[in-house]
Enquirer: 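I am attaching a structure below and will ask some questions about it afterwards.
First the proteins, then the strands, lettered A, B, ... as listed; each starts at 1. The shown structure was predicted, so the numbers you read here are calculated from the model rather than taken from an experiment. Reckoned from all heavy atoms, side chains included, excluding hydrogens, waters and symmetry mates.
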Protein chains: 2
Amino acid sequence: MTRIELYDTTLRDGMQGEGMSLSAQEKLRVAHRLDELGIDLIEAGFPSSNPKELELFGLLAGESFRHAQIAAFGMTRRRDTRADADPGLRVLADSSAPVCTIVGKSWGLHLEKVVKVDREENLRMISDSVAFLLAQGKRVIYDAEHFFDGFADDPGYAVRCVLAAAEAGAHTIALCDTNGGTLPNDIAATVGTIVAGLEPTGARIGIHCHDDAGCGVACTLAAVEQGALQVQGTMNGYGERCGNANLVTIIPNLQLKLGYECVTDEQLASLTPAAHFFDELLNFTPDPDQPYVGRNAFAHKGGMHVAGVTADPATFEHVDPDVVGNRRELLISELSGRGTVHARARDAGIALGDEQAAHLVDRVKELEHRGYHFEAADGSFELLLRKETGEYEPLFRLESWRAIVEKRADGRVETEATIKIWVDGERYVRTAEGNGPVNALDRALRDALAEIYPHLRDVDLVNFKVRILDEAKGTGAITRVLLDASDGDQVWGSIGVSENVIEASWEALVDSLEYGMRVAGRRAQDEAASTQSS
Amino acid sequence: MTRIELYDTTLRDGMQGEGMSLSAQEKLRVAHRLDELGIDLIEAGFPSSNPKELELFGLLAGESFRHAQIAAFGMTRRRDTRADADPGLRVLADSSAPVCTIVGKSWGLHLEKVVKVDREENLRMISDSVAFLLAQGKRVIYDAEHFFDGFADDPGYAVRCVLAAAEAGAHTIALCDTNGGTLPNDIAATVGTIVAGLEPTGARIGIHCHDDAGCGVACTLAAVEQGALQVQGTMNGYGERCGNANLVTIIPNLQLKLGYECVTDEQLASLTPAAHFFDELLNFTPDPDQPYVGRNAFAHKGGMHVAGVTADPATFEHVDPDVVGNRRELLISELSGRGTVHARARDAGIALGDEQAAHLVDRVKELEHRGYHFEAADGSFELLLRKETGEYEPLFRLESWRAIVEKRADGRVETEATIKIWVDGERYVRTAEGNGPVNALDRALRDALAEIYPHLRDVDLVNFKVRILDEAKGTGAITRVLLDASDGDQVWGSIGVSENVIEASWEALVDSLEYGMRVAGRRAQDEAASTQSS
């Protein structure tokens with residue numbers, strides 16, 4: 001079985017997409033999730049483009065990955081400059097990444113109209129840059145930008161460009177359909193020619209497509225069938241214009257339908273949750289119709305479909321949804337099945353009867369219908385479990401709260417919140433200021449609770465996400481708030497849903513503190529147990 | 001030039017998609033818009049499936065179309081029934097549609113496990129049904145369901161099924177990849193075989209694909225390149241699971257890239273507004289990344305892209321956006337330079353000096369550093385441009401505002417906002433309730449402003465997104481609010497950034513109303529100009 005190398009450029013080319021925004025810490029989380037998914041090469045950024053990207057490579061140097069290698073992206077040297085004097089190549093050489101990918105030109109139109117570089121000098125720029133990075137001990141991947149347009153325009157020159165890279169020692173030559181308009185048959189013909197032509201150099205061919213003609217996946221498959229051994233793309237097809245080739249679709253197509261080897265069966269079975277993880281992190285709504293991983297990808301509507309699938313899933317399903325971690329029928333999340341519910345109860349040390357499990361599944365479905373989504377809210381889910389088994393005890397009883405945000409005549413914004421709660425028969429009234437209404441409510445609530453539960457002083461809210469669920473309704477829509485909290489040791493998620501953003505935030509806040517108390521309680525038990533046994 | 005017949009099944013197969021819902025009147029509007037777009041055959045429904053669908057054909061009989069013909073969908077006769085005694089075929093025969101499409105089986109698995117029909121009887125069902133409708137004066141299209149799976153399983157029997165339809169006189173045999181999992185090369189090989197095999201019968205071959213492997217468009221193109229002359233699909237790829245083959249992508253691919261004839265140049269230039277029309281009618285947000293017609297399909301970000309497109313659009317565009325009725329978008333971002341700013345100023349009709357442009361680029365960079373992000377906030381960006389050139393006039397002067405959200409002891413949540421503003425030396429104080437603080441502020445502000453600017457009553461906030469920028473800080477982080485507003489005719493984006501989510505929302509709200517006034521002003525000017533010139 002031929003092994004296809006998976007090259008993910010979500011963190012570089014994918015970040016060109018509209019609305020793509022990730023902090024350095026989030027980029028590290030993406031890299032680890034890509035590693036777990038079995039991606040071979042993670043193009044983490046363009047370190048010479050700005051200081052933030054450079055910083056990221058510093059952080060990455062301290063991370064360890066099971067399988068993936070980190071690639072740094074850059075460009076061929078400037079014209080009329082020595083490669084070792086080129087600042088961009090220097091940054092690549094000095095970066096922590098063992099793999100460097102450099103992009104260069106193959107299309108006369110670009111040489112003439114955009115970069116204004118002589119054709120022969122372009123060839124030298126390519127070979128010098130590859131040779132320089134190679135001498136610095138890097139594995140070099142050469143991205144031949146606009147290769148298919150260049151080849152259509154002047155095949156002889158386009159081939160000379162990639163030969164220059166290959167002969168200088170580039171390990172892989174990725175042929176890029178940068179403008180995304182080439183159709184699969186043309187991709188296949190060109191890739192076939194280049195695979196044959198570059199064979200004597202020993203360089204491998206890669207493919208980098210975009211989806212401007214709606215054929216990014218098919219073009220990638222066509223290239224692989226012609227001998228390309230590396231596939232470049234992004235998670236969920238993120239990227240500028242119509243997006244990059246979607247690795248989430250390409251991987252199962254290659255592995256399940258064309259017999260290539262990409263990832264392990266376990267990794268393939270994590271494809272759906274991984275795809276949703278990236279969307280959640282980027283605050284995008286997962287595309288329900290996305291091939292393989294979409295909520296609707298294995299949804300059956302007509303009665304005949306349902307009967308057919310019951311008789312034999314192959315009648316109406318092109319692959320088994322389990323294989324890609326997805327599921328049949330219109331269940332909204334991973335947690336909606338009884339098996340998952342049982343597994344989660346066991347994890348939390350809760351004994352759950354079959355009837356309770358069935359009831360909880362119904363309750364989750366009902367809540368998900370109202371906009372809840374427990375995949376990223378493990379804390380709220382465990383509290384729900386405890387409510388089902390009667391093991392839940394609230395931290396406090398709410399009387400009321402109030403948040404006021406005021407923009408004063410002098411331009412200052414002031415925020416103040418008051419809470420009135422009861423704990424053990426005693427009434428607590430607290431007021432706090434904050435830099436926003438949720439922050440003020442959090443401070444007021446914790447001011448009261450921490451007197452009784454000092455552990456809550458150690459809980460930090462580390463992440464706060466707001467999504468409007470029915471966006472067509474503007475500010476009158478349902479708001480979903482996801483909150484991540486941490487006590488420095490463990491991170492947990494909670495969720496709140498309401499028409500009112502403040503009410504939704506309050507709900508998530510309370511869950512996050514209540515679950516925080518459980519975390520503390522469990523740790524205290526564990527510590528007591530380990531003291532006894534030692 | 002070979003003409004490809006366009007067969008749209010939005011109103012039948014497309015309606016199986018999640019969230020698809022149209023009244024009979026809306027279906028008529030869809031049919032007319034499809035006709036205007038140059039669609040040849042409109043499959044309007046399955047009249048024997050329910051009375052509403054039957055009614056629709058009654059309504060369609062009273063409509064006249066420039067070019068399109070209406071097709072009615074049904075199934076082959078029941079087993080062991082005479083075709084003329086089959087109620088479903090009777091409905092088709094009696095319907096107003098001149099074209100009837102009937103679907104039948106070609107896959108043993110389905111005959112055995114789903115419909116439990118003998119193989120020979122299935123062949124008779126196909127030929128009897130085709131012959132009956134033909135005798136009723138209909139043009140008959142035969143949809144060979146699960147054809148590619150059937151052909152892979154037992155090519156001999158699958159071919160006998162389509163031969164039965166062709167020999168009985170079916171005008172077109174549409175080969176259906178019903179489960180959507182076949183890849184383009186297999187589609188091509190099978191279609192090639194069938195085109196050659198059915199040639200003596202005179203029947204034409206059609207293709208009907210789904211997007212379960214992300215290759216619906218590519219599979220359709222592959223079939224056409226093998227001689228299929230009819231293409232079935234839906235607008236924007238609507239349909240169950242991952243959707244049907246997307247005609248909005250297929251049409252320009254066939255016509256602009258493969259040299260087939262489908263629609264007139266004028267019709268092609270109406271593709272973008274037509275695609276958005278269908279989404280709006282169905283209350284879907286148009287996919288900004290959709291090939292050819294998406295808002296981002298011709299969006300350029302990096303400074304080098306902008307320079308290239310300015311020098312020669314072919315450098316970074318696979319087709320001219322005008323040809324499909326779309327337009328180039330220059331996104332404002334960290335990476336962008338003076339060229340983009342100049343181009344945007346020209347679009348807005350603002351004369352911008354070089355020094356002003358340079359200053360504005362610095363200002364954009366500074367704002368982006370603070371968390372602003374003008375890509376999706378064209379309204380806020382134009383206001384910024386006007387502030388730079390001194391052409392900006394605020395709608396009002398703010399004195400103060402206040403928002404209060406209160407969770408009362410009885411569990412109810414109440415939200416109230418008060419604004420105090422000055423317009424033309426007069427002070428306005430307004431209070432409004434809302435289902436959240438932003439909604440209440442919006443109502444209070446518009447209550448005051450709409451007295452002076454009645455146009456603002458027509459502005460709707462259609463989209464509201466909140467993102468926490470430095471999430472590591474939890475609720476103390478910077479909040480970015482993106483707001484999309486519309487006056488029913490045009491959509492614009494605005495942005496607000498603040499530590500306080502309410503303050504950020506307020507900022508975006510004010511921009512969105514101020515820009516809304518500019519949109520109204522521009523439209524009034526255009527209307528005045530067109531009145532003068534006519």
Enquirer: So which of A/Asn246, A/Thr418, A/Leu109, A/Val217 has the largest heavy-atom pair count under 4.5 angstrom toward chain B?
Expert: A/Leu109
Enquirer: I'd like to verify something: which residue of A/Cys215, A/Ala403, A/Ala218 has the highest number of heavy-atom pairs under 4.5 Å with chain B?
Expert: A/Ala403
Enquirer: Need one label for B/Asn185: side chain, backbone, both or neither, based on atoms under 4.5 Å from any heavy atom in chain A.
Expert: side chain
Enquirer: Looking only at non-hydrogen atoms, find the nearest pair between A/Ile502 and B/Pro437 and report the distance.
Expert: CG1-CG, 3.9 Å
Enquirer: Compare every heavy atom of B/Asn439 with every heavy atom of B/Gly434, then report the nearest pair and how far apart it is.
Expert: CA-OD1, 3.2 Å
Enquirer: What part of B/Val405 gets closer than 4.5 Å to chain A, counting heavy atoms only: side chain, backbone, both or neither?
Expert: both
Enquirer: Is there side-chain contact between B/Asn179 and A/Phe316, with heavy atoms separated by less than 4.5 Å?
Expert: yes
Enquirer: Report the option among B/His146, B/His318, B/Glu414, B/Gln290 that has the most heavy-atom pairs separated by less than 4.5 Å from atoms of chain A.
Expert: B/His318
Enquirer: At a heavy-atom distance under 4.5 Å, which candidate from A/Asn253, A/Leu22, A/Asp186, A/Thr249 has the highest pair count against chain B?
Expert: A/Asn253
Enquirer: Measure B/His210 against the heavy atoms of chain A and call it side chain, backbone, both or neither at under 4.5 Å.
Expert: neither
Enquirer: Need one label for B/Trp506: side chain, backbone, both or neither, based on atoms under 4.5 Å from any heavy atom in chain A.
Expert: neither
Enquirer: Would you say B/Tyr238 and B/Asp279 are linked by a side-chain donor-acceptor pair, where the criterion is simply a distance under 3.5 Å?
Expert: yes
Enquirer: Nearest heavy-atom pair of A/Ala222 and A/Ala188: which atoms, and what distance?
Expert: CB-CB, 4.1 Å
Enquirer: So which of A/Glu225, A/Lys420, A/Lys407, A/Glu503 has the largest heavy-atom pair count under 4.5 angstrom toward chain B?
Expert: A/Lys407
Enquirer: Which region of B/Leu258, side chain (C-beta onward) or backbone (N, CA, C, O), has a non-hydrogen atom less than 4.5 Å from a non-hydrogen atom of chain A, or is it both or neither?
Expert: side chain
Enquirer: Please classify the contact of A/Asp460 with chain B as side chain, backbone, both or neither, using a heavy-atom distance under 4.5 Å.
Expert: neither
Enquirer: Measure B/Ala314 against the heavy atoms of chain A and call it side chain, backbone, both or neither at under 4.5 Å.
Expert: both
Enquirer: Among all residues two or more places apart in sequence or in another chain, which pass the salt bridge (Lys or Arg N to Asp or Glu O under 4.0 Å) test with B/Arg397?
Expert: none
Enquirer: Measure distances from A/Leu441 to the heavy atoms of chain B and classify the residue's part below 4.5 Å as side chain, backbone, both or neither.
Expert: neither
Enquirer: Compare all side-chain heavy atoms of A/Leu183 with those of B/Leu221 and state whether any distance is below 4.5 angstrom.
Expert: yes
Enquirer: For the residue pair B/Ile404 and B/Arg402, what are the closest heavy atoms and their distance?
Expert: CD1-NE, 3.8 Å
Enquirer: Under a 4.5 Å heavy-atom cutoff, which of B/Val319, B/Asp149, B/Asp212 has the most pairs with chain A?
Expert: B/Asp212
Enquirer: Do you know the tightest heavy-atom contact between A/Gly216 and A/Asp211?
Expert: N-OD1, 2.8 Å
Enquirer: Below 4.5 Å, heavy-atom pairs only: which of A/Gly214, A/Gly237, A/Ala213 has the largest tally toward chain B?
Expert: A/Ala213
Enquirer: Which answer fits A/Leu256, side chain, backbone, both or neither, if we ask what part of it has an atom under 4.5 Å from a heavy atom of chain B?
Expert: neither
Enquirer: Between B/His300 and B/Glu317, do the side chains contain a donor N or O and an acceptor N or O under 3.5 Å apart?
Expert: yes
Enquirer: Would you mind checking which part of B/Thr315 comes under 4.5 Å of any heavy atom in chain A, side chain (CB onward), backbone (N, CA, C, O), both or neither?
Expert: both
Enquirer: Does a side-chain N-to-carboxylate-O contact under 4.0 Å join A/Asp410 and A/Arg408?
Expert: yes
Enquirer: Which residues pass the salt bridge (Lys or Arg N to Asp or Glu O under 4.0 Å) test with A/Lys257, sequence neighbours left out?
Expert: none
Enquirer: Measure distances from B/Leu398 to the heavy atoms of chain A and classify the residue's part below 4.5 Å as side chain, backbone, both or neither.
Expert: side chain
Enquirer: Tell me, side chain or backbone of B/Ile419 under 4.5 Å from chain A's heavy atoms, or both, or neither?
Expert: neither
